[in-house]
Number of protein chains: 2
Amino acid sequence: MKQINRVAIVGGTHGNEFTGAYLIQKFAQFPNLITRSSFETVTLLANPHAFAAGRRYVEKDLNRCFLKQDLQDSTLKTYEELQAKLIQDTLASNGDKQADFILDLHSSTANMGLTMILVNSHPLNLKLAAYLSQVNPFVKIYRCSFKSVAENPFVNSLCELGFAIEVGPIAQGILKATLFQQTQELVHTVLDYLEQFNQGEIPSNKETLILYDHLSVVDYPKNPDGTIFGMIHPELQDKDYQALNPGDPIFITFNDKTIVYEGTSTVWPIFINEAAYYEKGIAMCLTQRQQINI
Amino acid sequence: MKQINRVAIVGGTHGNEFTGAYLIQKFAQFPNLITRSSFETVTLLANPHAFAAGRRYVEKDLNRCFLKQDLQDSTLKTYEELQAKLIQDTLASNGDKQADFILDLHSSTANMGLTMILVNSHPLNLKLAAYLSQVNPFVKIYRCSFKSVAENPFVNSLCELGFAIEVGPIAQGILKATLFQQTQELVHTVLDYLEQFNQGEIPSNKETLILYDHLSVVDYPKNPDGTIFGMIHPELQDKDYQALNPGDPIFITFNDKTIVYEGTSTVWPIFINEAAYYEKGIAMCLTQRQQINI
């Protein structure tokens, strides 16, 4: 495989996810932290207007603006749609500037720990995932595959290498020092790994990896008018990545009735009670835990 | 003292504080929960536009719009300024509609537990505070007094009886079932207390009360351009209502230097790392813990 020449660290794709946005600013101020000998590292504050406003986005969720067809559609002109095209020009135009690896830093109100979100199964991504989860037991690997890269609306669609990091639980619009430091550590570990990769010295890995593969999303219980009438059950709150079995409580209605999971087999929910997903109609994402050989 | 004829429960004063906003909707749907024989109970969703947008406010923080001079200023016409005048008309115009007691439901990303925010020292408010903190050890009493009611910009300035409830920690834009239920319980206890008050049967109280009196606010460490360069120290995060002594860590800078509290005596910080206060330049509020006789 070819060398990695340029690594992009992206933060503030969502303007109210401060961990990534402020880490980017720290790295910009102290570039020696992310300098490695065999590649260039660049930083990008992806949605500066939303960050200034302390909001996820100004007009449209930037991390849903990277569908290939949308990037090519000159009629799309919201702030985030234009910003997505600018980011594509910056990180994915052919030539010297092209990023070979993109790390996109996010945070979640759900108990996501330190999650790597893979959008493909490139062997280097999988090996890196195995390495990170070996080095740090808080690291979890969530794989959200798309039939084709053209269907992937995330920043990470711009480059086959790399992934998003989703850390939590943390409220929107704040910094938590512990998560900030853990995220920074994880970035350093990724950069060190890529440095060793370039030098032909990939750290030895376990040959297996625990992956949580995306299955489906579950919406909140809703009235015909679209308003919700229940919330995450106390027994499920903060239980991301734990087995959920048929019959287990998932919601409690406002008048105290329990709603149970009615699937036919065990699933592993994540993004449980993510604030930004209320408007998307997502109370949690269900995944399938599996061990794969790499 | 005169009877209480009308109690107003207000929620969604901040549109992204879902606990209160959804409790209001629950009470509106199940009015028997808040019906008591000796007074009328009304509910009010204070900032419906901000709630619909999932934001604290649309143009201006509604809970800073209740200064008497602003309510009388016909040139103030932002959405929230107009909404404040409407709420004043609804709850504080003389006549049948006037509320005798206002309960305003808030939530915080800080570890506020179940905090009552007193804006005055009316004997009934203090007795109720003593009762609530006796019934439930999670209840804390924070007193933020104003020199005169005219200087109080909060919803609760409309009425001398009542207070705000601040529950946390909870991210903006989500519901947590446990806090939702605890807040509902607290509302029920308040209503039951007022019912007994009207019937001349105030529950017996301890004669002392632990109060946290507002002293001052502390801003984040900031660069000359106004950007922050540090965050709440891990040892202080979630330590609301715990003693902070001179020399104790309060912040950690982005380059890992600890900043300590340089006051001369012990204080009790609250609202530590409240998301909505970043824009207000408030990293925490310092209070003085004291036991008072009532």
Side-chain angles (χ1 to χ4, degrees), chain A residues 16 18-19 21-23 25-30 33 51-56 107-110 168-182 184 220 223 227-238 249 251-256 258 272-279 283, chain B residues 16 18-19 21-23 25-30 33 51-56 107-110 168-182 184 220 223 227-238 249 251-256 258 272-279 283:
Chain A
N16 57 9
F18 281 8
T19 311
Y22 279 100
L23 261 181
Q25 300 191 326
K26 173 173 181 172
F27 291 145
Q29 198 188 344
F30 304 101
L33 292 170
F51 177 56
R55 288 162 56 188
R56 183 176 176 88
S107 67
S108 173
T109 64
I170 182 168
Q172 298 171 341
I174 70 166
L175 288 167
K176 254 192 207 168
T178 48
L179 271 182
F180 185 87
Q181 291 165 342
Q182 287 169 20
Q184 186 185 335
Y220 289 94
N223 299 305
T227 56
I228 69 176
F229 64 84
M231 47 200 162
I232 297 294
H233 195 281
E235 291 182 25
L236 185 60
Q237 178 68 39
D238 295 322
F251 297 114
I252 187 160
T253 69
F254 293 148
N255 54 341
D256 300 326
T258 292
I272 299 168
N273 213 354
E274 160 55 39
Y277 289 179
Y278 276 66
E279 70 175 19
Chain B
N16 56 10
F18 281 9
T19 309
Y22 279 99
L23 260 181
Q25 300 190 327
K26 172 172 182 173
F27 291 144
Q29 198 188 345
F30 305 101
L33 292 171
F51 178 57
R55 288 163 57 187
R56 182 174 177 90
S107 66
S108 173
T109 64
I170 182 169
Q172 298 172 340
I174 70 167
L175 287 167
K176 253 192 209 170
T178 48
L179 270 183
F180 185 88
Q181 291 165 343
Q182 287 168 20
Q184 186 185 336
Y220 289 94
N223 299 305
T227 57
I228 70 177
F229 65 82
M231 47 199 162
I232 297 293
H233 195 280
E235 291 181 27
L236 185 61
Q237 178 68 39
D238 295 322
F251 297 113
I252 187 161
T253 69
F254 292 149
N255 55 341
D256 300 326
T258 292
I272 299 168
N273 213 354
E274 160 55 38
Y277 289 179
Y278 276 66
E279 69 176 19

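Chain letters run A, B, ... following the sequence lines, proteins first, then strands; residues in each count from 1.
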*Asks:* In the structure I gave you, are the side-chain heavy atoms of I252(A) and Q181(B) within less than 4.5 Å of one another anywhere?
*Replies:*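 They are in side-chain contact.
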*Asks:* Nearest 0.5 Å please: distance from the CD atom of Q29(A) over to the OG1 atom of T227(B).
*Replies:*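 Q29(A) atom CD to T227(B) atom OG1 measures 8.0 Å (nearest 0.5 Å).
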*Asks:* Less than 4.5 Å to any heavy atom of chain A: does that hold for the side chain of F180(B), its backbone, both, or neither?
*Replies:*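 Answer is side chain: those atoms of F180(B) sit under 4.5 Å from chain A.
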*Asks:* What residues, two or more places apart in sequence or in another chain, satisfy ring-ring contact (aromatic ring centres under 6.0 Å, His included) together with Y22(A)?
*Replies:*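 Y22(A): ring-ring contact (aromatic ring centres under 6.0 Å, His included) contacts with F18(A), F51(A), F254(B).
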*Asks:* Shorter than 4.5 Å, heavy atoms on both sides: which option in A177(A), G54(A), A276(A) has the most such pairs with chain B?
*Replies:*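 Top count of heavy-atom pairs under 4.5 Å with chain B: A177(A).
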*Asks:* Hey, what do you get for CD (Q172(B)) to OG1 (T109(A)), rounding to the nearest 0.5 Å?
*Replies:*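 So the CD of Q172(B) and the OG1 of T109(A) are separated by 11.0 Å.
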*Asks:* Does any backbone or side-chain atom of N16(A) lie under 4.5 Å from a heavy atom of chain B? Answer side chain, backbone, both or neither.
*Replies:*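 For N16(A), neither part sits under 4.5 Å from chain B.
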*Asks:* Holding to ring-ring contact (aromatic ring centres under 6.0 Å, His included), I want the full list of residues that pass it with Y220(B), two or more places apart in sequence or in another chain.
*Replies:*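 Residues passing ring-ring contact (aromatic ring centres under 6.0 Å, His included) with Y220(B): F251(B), Y278(B).
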*Asks:* Search all heavy atoms of L175(A) against all heavy atoms of N273(B) and return the closest pair with its distance.
*Replies:*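 Closest pair (atom of L175(A), atom of N273(B), distance): O-ND2, 2.7 Å.
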*Asks:* Under 4.5 Å from any heavy atom of chain A, what part of I232(B) do you find: side chain, backbone, both or neither?
*Replies:*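 For I232(B), the backbone is the part near chain A, not the side chain.
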*Asks:* Nearest 0.5 angstrom please: R55(A) CZ to R55(B) CZ, how far?
*Replies:*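 Atom-to-atom, R55(A):CZ and R55(B):CZ are 4.0 Å apart.
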*Asks:* Taking every non-hydrogen pair under 4.5 Å, which of K176(B), M231(B), Q237(B) racks up the most with chain A?
*Replies:*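 Highest number of pairs under 4.5 Å: M231(B).
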*Asks:* If you round to the nearest 0.5 Å, how far is OG1 of T253(A) from NZ of K26(B)?
*Replies:*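 So the NZ of K26(B) and the OG1 of T253(A) are separated by 7.5 Å.
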*Asks:* Could you check which of I170(A), D256(A), I174(A), L33(A) has the highest count of heavy-atom pairs closer than 4.5 Å to chain B?
*Replies:*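 Result: the option with the highest number of such pairs is I174(A).
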